[in-house]
Amino acid sequence: MSQSDFLYPENPRRRQEVNRLHQQLLDCLSDSFHATNKLIEVLNMHLGCKLASIEMKRDGTIKENCDIIIQAMMKIQTELQKVDEALKDKLEPTLYRKLQDIKERETEKIAIVQKVISVILGEATSTASAVAVKLVGSNITTGIINKLVTVLAQIGASLLGSIGVAVLGLGIDMIFRAILGAVEKTQLEAAIKSYEKHLVEFKSASEKYHHAITEVTNTVKHQMK
């Protein structure tokens with residue numbers, strides 16, 4: 001035990017808590033990388049996009065990895081916006097409005113998209129139409145992805161942003177020094193509060209994002225049966 005630990009006997013427990021919360025944050029980041037790559041695969045395969053998959057930067061900081069996901073999501077949004085604009089251009093105004101209507105049945109929306117999807121993509125498949133409906137005629141881009149981008153940006157800009165993702169494997173003392181640089185009760189408590197605050201928002205946004213991507217991939221599987 002260090003001399004500072006005698007002055008602040010709760011610090012060892014707080015270090016353990018920082019370690020635990022750090023791992024939870026990394027798990028959420030890893031899950032977001034995985035979900036984003038699944039979405040990229042669907043877009044490339046069924047909507048003719050040419051997006052590159054992303055990979056977690058193990059020797060990078062939390063901010064660097066948040067930025068990788070954010071940049072990928074911005075590219076995804078750009079591609080979906082192109083599809084949306086094409087649908088708006090090819091469809092009659094009344095039909096396009098139906099795509100945006102959350103009360104409209106999904107089967108009806110797919111039938112609407114099916115009318116013009118071949119003009120947009122050069123081929124017409126029910127799977128492509130279903131994917132377009134799920135991603136364009138829903139709140140995935142306007143709501144779920146935007147929310148996750150906002151949360152990731154906040155994490156990157158916080159005191160957590162400069163922490164290396166691989167620091168976990170260096171041991172609790174190394175994590176502590178990497179995060180704070182000194183053993184002080186107030187600093188440890190600040191780190192714990194920051195982790196807890198951002199994790200609540202990150203987990204919520206991440207779960208909604210994963211659920212939305214799962215819906216899309218399940219739709220693809222159903223359409224391809």
Side-chain angles (χ1 to χ4, degrees), residues 24-57 60-88 96-97 99-104 106 109-110 113 117 120-121 127-158 160-161 165 197-223:
Q24 285 188 23
L25 186 65
L26 294 191
D27 289 343
C28 281
L29 270 177
S30 179
D31 288 346
S32 293
F33 270 90
H34 180 65
T36 301
N37 280 331
K38 284 172 67 177
L39 179 55
I40 287 172
E41 183 180 355
V42 168
L43 291 173
N44 289 346
M45 184 176 297
H46 300 289
L47 293 187
C49 301
K50 296 181 180 178
L51 296 166
S53 60
I54 57 176
E55 187 175 348
M56 196 167 186
K57 191 176 181 181
T61 63
I62 287 174
K63 182 182 186 307
E64 287 174 327
N65 281 283
C66 286
D67 287 345
I68 290 172
I69 300 173
I70 290 171
Q71 288 165 14
M73 287 181 167
M74 290 177 70
K75 290 177 181 177
I76 288 169
Q77 286 177 311
T78 297
E79 293 297 324
L80 293 176
Q81 187 175 2
K82 290 178 183 177
V83 175
D84 186 32
E85 289 172 352
L87 288 170
K88 188 175 183 180
Y96 179 75
R97 282 195 293 272
L99 287 183
Q100 311 303 316
D101 188 352
I102 60 173
K103 296 178 181 178
E104 194 71 39
E106 193 168 280
K109 290 184 178 183
I110 292 173
V113 173
I117 198 72
I120 297 171
L121 301 179
T127 303
S129 299
V131 170
V133 167
K134 278 289 187 182
L135 294 174
V136 177
S138 71
N139 73 331
I140 288 180
T141 50
T142 57
I144 295 172
I145 289 181
N146 284 346
K147 177 60 178 178
L148 187 53
V149 166
T150 299
V151 172
L152 287 167
Q154 290 171 345
I155 292 172
S158 72
L160 307 180
V165 297
K197 173 182 178 293
H198 290 297
L199 271 171
V200 169
E201 295 177 341
F202 193 9
K203 283 181 177 179
S204 174
S206 183
E207 285 172 3
K208 289 177 182 176
Y209 178 59
H210 296 162
H211 178 71
I213 304 309
T214 299
E215 274 194 19
V216 173
T217 55
N218 286 343
T219 296
V220 170
K221 290 175 184 176
H222 177 72
Q223 290 291 330

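Here, residue 1 is the first one in the sequence, and each next residue gets the next number.
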Q. What's the spacing between Ile68 CD1 and Ser32 OG if we round to 0.5 Å?
A. 12.5 Å
**Q.** Working for salt bridge (charged side-chain N to carboxylate O under 4.0 Å, His left out), residues Lys63 and Asp67
**A.** CA-CA 6 Å; Lys63 182 182 186 307; Asp67 287 345; 2.8 Å; yes
**Q.** Side-chain (Ser206) to main-chain (Lys203) donor-acceptor, under 3.5 angstrom
**A.** no
(Q) Side chains of Thr214 and His210 only: does a donor on one sit below 3.5 Å from an acceptor on the other? (A) no
Q) For Glu64, which residues count as a side-chain contact (heavy atoms from CB on, under 4.5 Å) partner, sequence neighbours excluded? A) Lys57, Thr61
Q: Would you confirm whether Asn44, through its side chain, and Leu51, through its main-chain N or O, come within 3.5 Å as a donor-acceptor pair?
A: yes
Q | Considering all heavy atoms, the nearest Ala153-Ile70 contact | A | N-CD1, 3.7 Å
Q | Nearest-0.5 Å distance, NZ of residue Lys82 to CD1 of residue Ile120 | A | 13.5 Å
Q. If every non-hydrogen atom of Ala128 is compared with every non-hydrogen atom of Ile117, which pair is closest and at what distance?
A. CB-CG1, 4.2 Å
Q | Pairing residues for Ala212 by the side-chain contact (heavy atoms from CB on, under 4.5 Å) criterion, not counting sequence neighbours | A | Ile140, Ile144
Q: Using modelled atom types only, decide if a donor and an acceptor are shared between the side chain of Lys147 and the backbone of Tyr209 within a distance under 3.5 Å.
A: no
Q: State, to 0.1 Å, how close Ile76 and Ile145 come at their nearest heavy-atom pair, and which atoms those are.
A: CG2-CD1, 4.4 Å
Q. Should Lys50 and Glu79 be marked as a salt bridge (charged side-chain N to carboxylate O under 4.0 Å, His left out) after you check the CA-CA gap, both sets of side-chain angles, and the distance that decides it?
A. CA-CA 9 Å; Lys50 296 181 180 178; Glu79 293 297 324; over 6 Å; no
Q) Between Ser30 (side chain) and Leu26 (backbone), is there a donor-acceptor pair under 3.5 Å? A) no
Q: Compute whether any side-chain donor of one residue and acceptor of the other, for Glu215 and His211, lie under 3.5 angstrom apart.
A: yes
